[in-house]
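Any value given below was found using the heavy atoms of this structure, including those in side chains, with hydrogens, waters and symmetry copies removed. Values in this document were obtained by computation on a predicted structure and should not be read as measured data.
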Amino acid sequence: MNGKTFLSVVLIAVGGLIALKFIGLTLGAIIGFLFPFILMGLGVVGIKNDKKLIGGILFGIGLVVLLGKLSGLIFFLLAVGMVIWGISMLRRDKRVY
């Protein structure tokens, strides 16, 4: 893709996002969720291109932001696991041989 094609695609995307905002549709939640993946992807590209420091920093920031966004899901799964573990402990056979 040459420079003019890339610039035209970027202008179309930005213009489309601005137009969607005017009619009340926002992609903030989607972009907010994709942003950590974009940072991590840029970090991987930086690491592959021998820019290990900046690539590692970008990957680390993306990972921390992603963990922050997924913290609710992580704690929910932890709570479900604790409930299942507790039920399995109650159901254990209590016979003494």
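Atoms CD1 and CG, on Ile61 and Leu66 in that order, are 13.5 Å from each other to the nearest 0.5 Å. Taken to the nearest 0.5 Å, the CG atom of Leu42 stands 11.0 Å off from the CG atom of Asn49. Here the straight-line distance linking atom CG of Leu53 with atom CG of Leu58 works out to 9.5 Å at 0.5 Å rounding.
Linking Ile, Leu, Val, Met, Phe, Trp and Tyr residues whenever their side-chain heavy atoms come within less than 4.5 Å places Leu70 and Leu63 in a single cluster. Val83 and Val80 fall into different hydrophobic clusters, where Ile, Leu, Val, Met, Phe, Trp and Tyr are joined by side-chain heavy atoms under 4.5 Å apart, directly or via other members. Hydrophobic clustering of Ile, Leu, Val, Met, Phe, Trp and Tyr side chains at less than 4.5 Å, counting indirect connections, keeps Phe35 apart from Leu73. Under a hydrophobic clustering in which Ile, Leu, Val, Met, Phe, Trp and Tyr are joined whenever their side-chain heavy atoms come within less than 4.5 Å, directly or via other members, Ile57 and Val44 fall into different clusters. Phe22 and Val14 end up in the same hydrophobic cluster when Ile, Leu, Val, Met, Phe, Trp and Tyr side chains are linked at under 4.5 Å.
Of all the heavy atoms in Lys52 and Ile47, the pair that sits closest is NZ-O, 3.7 Å. Scanning all heavy atoms of the two residues, the minimum distance from Gly32 to Pro36 falls at O-CD, 3.3 Å.
Taking Ile, Leu, Val, Met, Phe, Trp and Tyr as hydrophobic and joining them when side-chain heavy atoms fall under 4.5 Å apart, one finds Met82 in a cluster with Phe75, Leu78.
With sequence neighbours excluded, the residues that form a side-chain contact (heavy atoms from CB on, under 4.5 Å) with Ile23 are Leu20, Leu25. Applying the ring pair (Phe, Tyr, Trp, His ring centres under 6.0 Å) rule to Phe33 yields the partners Phe37; only residues at least two apart in sequence or on another chain are considered.
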